[in-house]
Amino acid sequence: MTPTPEQDFDALVESDQRVEPRDWMPEGYRKTLVRQIAQHAHSEIIGMQPEGNWIGRAPSLRRKAILLAKVQDEAGHGLYLYSAAETLGVDRSELLDLLHAGKQRYSSIFNYPTLTWADMGAIGWLVDGAAIVNQVPICRCSYGPYARAMVRICKEESFHQRQGFEILHTLSHGTPAQHEMAQDAVNRWWWPSLMMFGPPDDQSPNSAQSMAWRIKRFSNDELRQKFVDMTVPQSQVLGLTPPDPDLHLDEETGHWRFGEIDWSEFFAVLKGDGPCNQDRIEHRRRAHDEGAWVRDAASAYAEKHRARSEGVA
Ligand code: FAQ
């Protein structure tokens, strides 16, 4: 008997092959991917703001050039991800409208302020570090365009993580005031970075289905633990201490056990009550409005080329 489209889809996912845009897919699978990829794309472009805040105040030309390149990479990641979402039959302008209307999310982490230069180090080391742990498994996600976009993104995130580590290493081994500034940044970014992985598994409504579809490969708590295990030894090299009195090595399992996460803070940020939620969205809307002429010019240029290649003009 010929298999149904649904049986073909299940077999494809089961055998770890890739689902491609023209393949049949369940509507729930498509919707989940649009939700996650759009949220991911929005995070990249909103994530440009906290670091953009320091481009004009970087302490040297070298630091400024590196930070500029990093923020440009984030814009590029947004572009790959919006393109990946478009293969699922949505248009990026629709997704941006949903973001601006507060109907789609972006990562909670970008609702915290960047108060000192050391925050550039903490974002690179912790936020990009968490992004890598979360995203490397997505390189094996069942949806081809998302998985392929993620390969290049992860390579760039590794560079970002190294540059953050280097900023913090320099500050930590500098004057006592610089060391204190680095420690203060780690104190403020540590817990929000752990929250990036999402709610605990028993409060994560999407995980079971996303794992069955192989969009997610590991649960939120598994990835959070991997991140802590990777990061604590790095903090020792940096000479900086995560702000968690309960952090300790569990000799039996080899895992670093950490204290209670304040989930009320996470859910407040998701509801829009984080320190910078309003600023981030207002700034994004303004940038979008002010960029209208660029989009118009690009469309007019593309139209002119299309007409020329068709011999109309
Ligand atoms: N923030 O059922 P789950 C970067 C929402 S890295 C806000 O567990 P799911 C690089 C979730 O959407 C950051 N909302 O959800 C960079 C859901 O609500 P919904 C971006 C969150 O999807 C570095 C609800 O909670 N990375 O940008 C968060 O299975 C430096 C229930 O949660 C990605 O997006 C959160 N942290 O798992 C850029 C990675 N966590 O949608 C600049 C791809 C959960 O039903 C500078 N995404 N929620 O209304 C994922 O892996 C997943 O979507 C999770 C959430 C793990 C984030």
Side-chain angles (χ1 to χ4, degrees), residues 28 31-54 67 70-78 80-81 84-85 98-99 102-112 114 119-139 141 143 146-147 149-150 153-154 156-161 163-164 189 191-224 226-227 261 263 265-272 274 277 280:
K31 280 197 171 142
T32 298
L33 280 167
V34 170
R35 177 183 65 78
Q36 178 167 327
I37 300 173
Q39 175 170 329
H40 198 163
H42 299 330
S43 305
E44 296 283 356
I45 63 166
I46 296 265
M48 295 167 74
Q49 292 184 35
E51 290 169 295
N53 181 33
W54 279 90
L67 187 60
K70 179 183 192 288
V71 173
Q72 282 177 342
D73 283 352
E74 281 147 13
H77 297 173
Y80 310 149
L81 288 162
L98 290 168
L99 170 68
K103 292 185 179 155
Q104 274 182 347
R105 300 181 189 283
Y106 59 89
S107 181
S108 50
I109 191 76
F110 301 118
N111 292 305
Y112 291 85
T114 42
D119 289 16
M120 299 304 96
I123 290 184
W125 177 48
L126 294 173
V127 177
D128 286 281
I132 294 168
V133 171
N134 172 274
Q135 288 167 196
V136 165
I138 306 178
C139 299
C141 139
Y143 188 57
Y146 190 26
M150 213 44 60
I153 291 179
C154 284
E156 293 177 350
E157 303 290 25
S158 313
F159 156 73
H160 295 171
Q161 202 248 1
Q163 68 87 41
W189 290 91
W191 291 108
S193 299
L194 297 195
M195 294 174 197
M196 278 176 75
F197 294 93
D201 291 351
D202 58 5
Q203 293 174 55
S204 164
N206 301 300
S207 277
Q209 183 59 73
S210 288
M211 286 178 77
W213 278 328
R214 302 198 182 178
I215 295 171
K216 275 171 117 162
R217 295 291 182 146
F218 297 96
S219 77
N220 298 356
D221 286 333
E222 283 170 336
L223 291 175
R224 197 170 359 256
K226 257 184 211 270
F227 172 69
I261 294 176
W263 289 112
E265 176 180 322
F266 173 76
F267 289 114
V269 173
L270 253 59
K271 255 185 36 210
N277 294 58
R280 298 296 185 232

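Order of appearance sets the numbers: ligands from 1, and atoms from 1 within every ligand. Because only heavy atoms are used, hydrogens play no part in the values below, and waters and symmetry mates are left out as well, while side chains stay in. Note that the structure is a prediction, hence the values are computed from the model and not measured.
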As a quick check of understanding, evaluate salt bridge (Lys or Arg N to Asp or Glu O under 4.0 Å) for Lys70 and Glu74, giving each step before the final call. CA-CA 6 Å; Lys70 179 183 192 288; Glu74 281 147 13; 2.7 Å; yes
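- Within 4.0 Å of ligand 1, counting heavy atoms only, the contacting residues are Arg35, Gln36, Gln39, His40, Ser43, Glu44, Gly47, Glu51, Lys70, Glu74, Arg105, Tyr106, Ser107, Ser108, Phe110, Val127, Asp128, Ala131, Asn134, Gln135, Ile138, Tyr146, Glu157, Met195, Met196, Phe197, Gly198, Pro199, Ser204, Pro205, Asn206, Lys216, Asn220, Phe266, Leu270.
- Applying side-chain contact (heavy atoms from CB on, under 4.5 Å) to Asp202 and the options Ser204, Pro200, Pro199 leaves one that passes, Pro200.
- Using cut-offs of 30° and 60° on the angle between ring planes, the pair Phe227 and Phe197 is tilted.
- At least one side-chain heavy atom of Arg35 sits under 4.5 Å from a side-chain heavy atom of Asn206.
- Between the side chains of Glu44 and Tyr80, not a single donor N or O lies within less than 3.5 Å of an accepting N or O.
- Gln39 and His42 form no side-chain donor-acceptor contact under 3.5 Å, judged by distance and modelled atom types alone.
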